[in-house]
Amino acid sequence: MKKKLILIDGNNIAYRAFFALPLLNNEKGIHTNAIYGFTMMLNKILEEEKPTHMLVAFDAGKTTFRHETFKEYKGGRQKTPPELSEQFPFIRDLLKSFHIPQFELENYEADDIIGTLSLEAEKKDFEIKIYSGDKDLTQLASEKTTVCLCRKGITDIEEYTPEHVKEKYGLTPQQIIDMKGLMGDSSDNIPGVPGIGEKTAIKLLKEFETVEKVVDSIDEISGKKLKERLQEHKQQALMSKELATIKRDAPLGITVEELEYQGPDWEKVQSIYKELGFQSLLEKIDQTQETEVQPLEKLEYQTVEEITEDLFEQENSFYLEMIGENYFISDIVGMAVQNEKGIFYLPTESTLKSPVFKKWAEDETKKKTVFDAKRTVIALRRHGIELKGIEFDLLLASYLINPSESPSDFADVAKLHGFNEVQSDEAVYGKGAKLKLPDREIYEEHIARKAVGLTKLAETCRDVLKENDQLSLFYDLEMPLALILADMEWTGVKVDVDRLTEMGDELHNRLQEIEKEIYELAGQEFNINSPKQLGHILFEKMGLPVIKKTKTGYSTSADVLEKLESSHEIVRYILEYRQLGKLQSTYIDGLLKVVHQNTHKVHTRFNQALTQTGRLSSADPNLQNIPIRLEEGRKIRQAFVPSEKDWVIFSADYSQIELRVLAHISGDQKLIEAFREDMDIHTKTAMDVFHVQKEEVTSNMRRQAKAVNFGIVYGISDYGLSQNLGITRKEAGQFIERYFASYPDVKEYMDEIVREAKRKGYVTTLLHRRRYLPEITSRNFNVRSFAERTAMNTPIQGSAADIIKKAMIDMAERLKKEQLKSRMLLQVHDELIFEVPPDEIETMKKIVPDVMEHAVELKVPLKVDYAYGPTWYDAK
DNA sequence: TGAGTCACGC
DNA sequence: GACGTACGTGACTCAT
């Protein structure tokens with residue numbers, strides 16, 4: 001077996017982890033972020049590299065032999081924060097329990113230890129990988145040594161081989177030292193040659209190879225200034241090079257053979273994890289211990305040539321693979337089934353043609369566990385097969401268990417729940433431009449593995465759901481909803497393409513006129529869509545006052561431009577250009593791109609396992625953000641029409657569902673009464689906050705009250721509210737205080753939910769949906785505040801999401817029961833949209849509000865408004 | 001290809 | 001007082 005040595009720059013990795021992660025601490029008040037990050041990194045390395053030899057090198061003392069050369073070396077460095085220093089002993093202990101050798105050497109830095117050992121190991125024909133965050137180490141890259149630098153964070157790794165160094169800098173690894181010599185390194189206080197940066201250094205080295213040769217050939221260098229500088233600082237350059245050179249012959253007194261890695265003492269590791277409170281890592285131990293016993297062996301599965309009935313059982317895991325997100329477009333790669341009889345790979349073509357398969361798929365009594373039921377149903381429906389008997393959707397289960405960890409890749413979900421025997425899709429199929437189908441055996445096994453994973457994981461996840469009291473949420477809400485959404489997506493929405501094209505033409509003309517006008521007023525042509533160019537024109541050329549800056553330059557967002565409207569005529573045109581441009585590119589062109597040629601329908605995909613709050617999202621096209629606020633944009637809705645002649649679009653929306661939910665869960669009497677009496681809630685809020693009678697509420701007071709309610713519903717901060725209302729943060733804060741004074745039970749709820757989130761680590765909704773908020777104990781005010789607002793807001797938004805989902809299920813059932821032809825088409829968070837034949841309008845006017853209003857019983861009534869018309873636009 | 005900015009909805 | 005500000009999708013630019 002090939003010997004593989006991993007060398008880790010201990011100080012550097014700890015340092016990186018410390019700054020990449022929030023300042024976590026455990027029960028005893030010990031800071032743990034650097035330890036945690038370090039451990040994560042370590043685990044990742046062990047898992048992915050499977051080293052035979054290993055060492056973590058640390059810096060010894062403050063002074064090294066380099067200080068003899070240059071006493072300011074590493075001068076001006078910030079002292080290591082005590083919060084980090086105190087973590088080092090734990091890291092050392094942990095390494096001990098992992099049986100990973102660690103080493104430090106008086107007068108030398110970790111770099112030199114690594115340099116010396118890597119050289120020795122190269123001679124002994126090891127494969128070597130070096131982990132650090134310090135670019136200096138790239139000088140050690142060679143044919144046998146790869147330098148892995150973490151970029152931002154701790155797990156994002158960039159691997160430097162000599163080729164990669166060449167690509168990045170155009171230099172050999174050895175020349176990295178020369179580069180440092182010329183340009184210096186501010187973090188180590190290496191001076192280099194003043195005025196020479198990376199670019200110049202690289203240019204010089206490409207021509208002269210080394211600092212020495214550069215110095216010898218100063219006369220040949222072009223550029224007077226450069227020449228002078230080099231002349232003046234040539235000694236400094238040579239010294240800088242020396243400082244940057246990693247020693248490869250440090251007197252270590254150990255040999256590579258002594259660094260053999262034999263695996264951890266799991267018990268010790270476990271007890272340290274326990275002491276530090278590393279819950280997730282503890283769980284991982286159990287898993288790795290289990291899986292390490294039986295490493296990825298070749299999977300025994302059978303490729304089925306001809307499908308026969310005896311392949312299937314009463315209970316089966318069924319995995320259907322597609323590459324590509326859009327299951328309305330992508331092709332099926334293959335399918336696999338696992339049951340008590342074995343693991344079977346089903347080749348696409350023959351399977352889809354097989355009547356036996358069809359019969360099994362459509363048999364309600366043959367139970368199936370799948371990953372992403374909606375995708376699977378639609379993929380098969382495109383081939384005339386109606387998948388029935390879906391009992392468990394692992395994607396949805398995983399999403400409910402923890403919405404923040406709900407990736408679309410099966411391998412991610414599998415790993416999360418302790419099943420490591422599936423590769424990531426990216427590893428198998430590649431990504432982006434490199435996406436392609438690998439050899440047949442490879443993807444067959446990959447797909448078969450997923451079927452195996454399904455069986456195991458479904459069991460685990462079912463237990464967790466039960467533990468979390470989420471079985472009903474899963475079986476009675478999300479699972480049935482998936483099938484309803486599949487039908488809605490499949491039905492699609494008809495688009496009046498001619499109308500859309502017409503609107504597009506008109507917009508195009510108007511945009512051209514506005515564009516001309518803008519160029520004229522600006523005195524030149526430029527790209528109005530480029531914030532950079534626009535900022536240049538407005539704030540530099542035309543000298544308009546700068547209201548706000550962004551990271552990269554001047555802000556040109558709408559709220560800034562609105563403030564500038566009176567300053568110059570051009571601003572109005574730009575705002576209009578933006579508005580119309582948005583309509584044109586996103587809603588006209590964008591929509592036309594996804595309309596199906598023959599049917600003139602769009603088939604949005606609702607993502608049911610994405611948002612942190614439990615809402616759905618919609619994509620390709622996103623039909624949840626079709627304009628409505630401004631008349632100009634609202635007209636887009638005229639292009640959404642019923643798919644059959646004389647039918648109507650029927651839209652029903654919950655009135656103030658979030659605030660009603662708030663009234664319910666806070667139990668605030670004043671709010672409850674307001675809703676029971678069906679008052680205008682913003683007027684009511686204005687009355688309570690401003691202490692006035694109904695008649696005295698001005699439109700401005702109502703507007704402000706509305707913004708406060710908005711803030712409550714969306715969990716915005718005083719800052720957010722101040723931006724919304726154009727007032728100071730202080731004033732906004734006072735508003736919020738007054739609101740809480742008026743509704744003390746709401747205040748009490750908010751305080752309690754934050755306490756609960758801190759206690760339990762998560763918050764829940766009406767129907768037991770969860771959202772974990774680990775950041776609620778953060779030391780960072782902003783991070784913590786954000787988590788606190790999330791704690792207050794998620795139960796409100798999430799419960800509203802629960803309610804409308806329940807309404808959708810009831811509605812689908814009712815349509816079926818009453819044998820109506822009306823179809824549910826869309827959900828837009830608090831609104832359901834149907835297409836309805838004329839003779840069912842009267843029925844729907846009764847049924848829809850009835851079903852929606854009684855989806856759940858709250859302490860306040862739910863209220864639904866509805867409207868209908870020949871287009872979506874008219875359903876207002 | 002990815003980050004940044006902007007804009008639409010709830 | 002810090003610091004960056006609900007949840008999404010998508011278009012566009014610009015540097016890499």
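Per chain, numbering begins at 1; letters A, B, ... match sequence-line order.
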Requested in this report: Look at all strands and tell whether A/S557 reaches a base, only sugar-phosphate, or nothing, counting heavy atoms closer than 4.0 Å.
Outcome: sugar-phosphate
Requested in this report: By nearest nucleotide on DNA chain C, pick out whichever of A/H829 and A/P621 is the more 5' one.
Outcome: A/H829
Query raised in the report: Within the modelled atom types, does a donor on one side and an acceptor on the other bring the side chain of A/R615 and the base of B/dC10 under 3.5 Å apart?
Result: yes
Under 3.5 Å donor-acceptor pairs involving side-chain atoms of residues 621-630 of chain A, not counting sequence neighbours:
unit_1	atom_1	unit_2	atom_2	d
A/N622	OD1	A/Q624	N	2.7
A/Q624	OE1	A/S618	N	3.4
A/Q624	NE2	A/Q827	O	2.8
A/Q624	NE2	A/Q827	OE1	3.3
A/N625	ND2	A/Y587	OH	3.3

Query - Check: A/N625 side chain, B/dC8 base, donor-acceptor under 3.5 Å - result: yes
**Report entry** All stems with DNA chain C, defined as three or more consecutive Watson-Crick or G-U pairs under 3.5 Å
**Finding:** B:1-9 with C:7-15
Query raised in the report: Is there a side-chain polar atom (N or O) of A/Q723 under 4.0 Å from OP1 or OP2 of C/dG4?
Result: no
Requested in this report: Evaluate the ring planes of A/H596 and A/H603, with Trp represented by its six-membered ring, and classify them as parallel (under 30°), tilted (30 to 60°) or perpendicular (over 60°).
Outcome: perpendicular
Report task. Specify the separation, in whole Å, of atom NZ of A/K548 and atom C1' of C/dT5. Result -> 11 Å
Query raised in the report: Is a donor-acceptor contact shorter than 3.5 angstrom present between the side chain of A/S717 and the base of C/dT5?
Result: yes
Requested in this report: Take the protein atom CG of A/N780 and the nucleotide atom P of C/dA2, then report the distance between them rounded to whole Å.
Outcome: 13 Å
Query raised in the report: B/dG9 P sits how many Å from A/Q797 CD, rounded?
Result: 17 Å
Query raised in the report: B/dC10 C1' sits how many Å from A/L826 CG, rounded?
Result: 14 Å
Report task. Classify the nucleic acid contact of A/D620 as base, sugar-phosphate or nothing, counting any heavy atom under 4.0 Å across all strands shown. Result -> sugar-phosphate
